[in-house]
Amino acid sequence: MVAVLVAVTVLIVQRYYFHEKPSDYTVVNDGVVVTKEFNVKSTTAHQNSSVKGSIFVWGDKGMPERMRIVASYEIDPKDFAGLTIYIPKKWYISNIISSYPENEKPFLSPNASNFNGIEEWRYRVDVGLGYPGNPSGGGTGTILIDLVSDRKAILPSETSIVMVTIGSDTNPKTGVNSMGVGFIKIPISVDAES
């Protein structure tokens with residue numbers, strides 16, 4: 001009984017002295033060692049699909065630990081491919097928050113697919129993906145993707161590539177459909193001096 005009373009007392013004292021207290025002092029970008037911005041538009045004529053965002057990376061001594069991708073986007077009503085974010089190998093998705101399509105309910109959940117060894121990516125996260133001839137309807141939204149690195153597999157100062165694609169097109173002569181016609185590859189690495 002005395003041991004239980006001591007343990008409870010220690011827990012109460014610990015919570016009183018070590019819990020987070022409200023403060024007027026705000027730390028900005030605490031621990032962020034790399035930031036990257038991106039801006040991509042569909043290359044298809046008369047298609048207003050675009051995405052703009054930032055990537056934040058936390059790490060230490062050349063080892064990336066966490067990454068956050070934040071993007072706002074517009075998907076044209078005629079765009080059947082929407083937005084796709086490719087997550088590099090050696091990274092895992094820990095959380096996804098999406099507001100697509102904004103101001104409408106229910107929200108349409110993004111689709112995260114595992115690549116199983118294809119190319120340099122582990123996952124692809126699709127937003128507003130429809131089928132050729134049957135677009136999802138377009139709209140605007142914001143997405144936040146939290147990632148954690150596989151610390152056992154990733155090497156110090158290793159470069160990972162995040163790819164962001166948006167837009168679609170159909171060749172009027174051949175009928176061949178293309179997805180991700182606007183794209184950017186963003187290299188992510190942490191300097192050993194960070």
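No experiment lies behind these values; they were computed from the predicted model shown. The figures here come from the full heavy-atom set of this structure, side chains too, leaving out hydrogens, waters and symmetry mates.
Looking at T84, its side chain never comes within 3.5 Å of a backbone N or O of T165 through a donor-acceptor pair. Formation of a donor-acceptor pair under 3.5 Å by the T159 side chain with backbone atoms of P187 is not found in this model. Checking side-chain atoms of S94 against main-chain N and O of V148 turns up no donor-acceptor pair under 3.5 Å. Between the S136 side chain and the G128 main chain, a donor and an acceptor come within less than 3.5 Å of each other. In this structure a side-chain-to-backbone donor-acceptor pair under 3.5 Å is present from Q47 to S168. Here the side chain of K41 pairs no donor or acceptor atom with the backbone of G182 at under 3.5 angstrom. Although no hydrogens or angles enter the test, the distance criterion places no donor-acceptor pair under 3.5 Å between the side chain of W91 and the main chain of Y123. Proximity of a side-chain donor or acceptor of S99 to a complementary backbone N or O of T142 within less than 3.5 Å is detected.
Here the CD1-CD1 distance, from I85 to I93, works out to 9.5 Å after rounding to the nearest 0.5 Å. Here S49 contributes atom OG and D79 contributes atom CG; the two are 3.5 Å apart, rounded to the nearest 0.5 Å. Rounded to the nearest 0.5 angstrom, K89 NZ and S160 OG are separated by 11.5 Å. Annotation: the span from F38 atom CZ to S54 atom OG amounts to 7.0 Å, rounded to 0.5 Å. The CZ atom of R124 lies 6.5 Å from the CG atom of L129; values are rounded to the nearest 0.5 Å. Residue I186 holds its CD1 atom at 5.0 Å from CD1 of I184, rounded to the nearest 0.5 Å.
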- Report the C-alpha separation of D146 and R66 in whole Å, then their side-chain angles, then the decisive distance to 0.1 Å, and conclude whether the side chain to side chain contact (heavy atoms under 4.5 Å, CB included) test is met. CA-CA 7 Å; D146 283 322; R66 295 184 298 131; 5.9 Å; no

- Query: Can K78 and T44 be said to form a side chain to side chain contact (heavy atoms under 4.5 Å, CB included), step by step?
  - Reply: CA-CA 11 Å; K78 298 180 291 295; T44 302; over 6 Å; no

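If you run side-chain contact (heavy atoms from CB on, under 4.5 Å) between F80 and each of I75, D169, T170, N134, only T170 comes through. Among I55, V51, N39, the single residue meeting the side-chain contact (heavy atoms from CB on, under 4.5 Å) criterion with V164 is V51.
Taking hydrophobic clusters as Ile, Leu, Val, Met, Phe, Trp and Tyr residues chained together by side-chain heavy-atom distances below 4.5 Å, M179 does not share a cluster with Y86. The hydrophobic clustering, which links ILVMFWY residues whose side-chain heavy atoms are closer than 4.5 Å, places I96 and L83 together. V181 and F183 are assigned to two separate hydrophobic clusters, defined by single-linkage of ILVMFWY side chains at heavy-atom distances under 4.5 Å.
Between P77 and P135, the closest heavy-atom pair is O-CB, 3.2 Å. Scanning both residues, E65 and D60, for their nearest heavy atoms gives OE2-CB, 3.9 Å. Closest approach of I166 and E74 over heavy atoms only: CD1-O, 3.9 Å.
A 4.5 Å side-chain heavy-atom check between V125 and S98 finds every atom pair outside the cut-off. Taking 4.5 Å as the limit, some side-chain heavy atom of P64 sits within range of a side-chain heavy atom of I154. For the pair I143 and Y100, the minimum side-chain heavy-atom distance is 4.5 Å or more.
A salt bridge is absent between K90 and D150; no separation between the charged side-chain nitrogens and carboxylate oxygens falls under 4.0 Å.
Residue K36 places its NZ atom among more than 12 non-hydrogen atoms of other residues, nucleotides or ligands, all under 6.0 Å distant.
In this structure, W58 belongs to a hydrophobic cluster whose other members, linked by side-chain heavy atoms under 4.5 Å apart, are V32, F56, V70, I97, L144.
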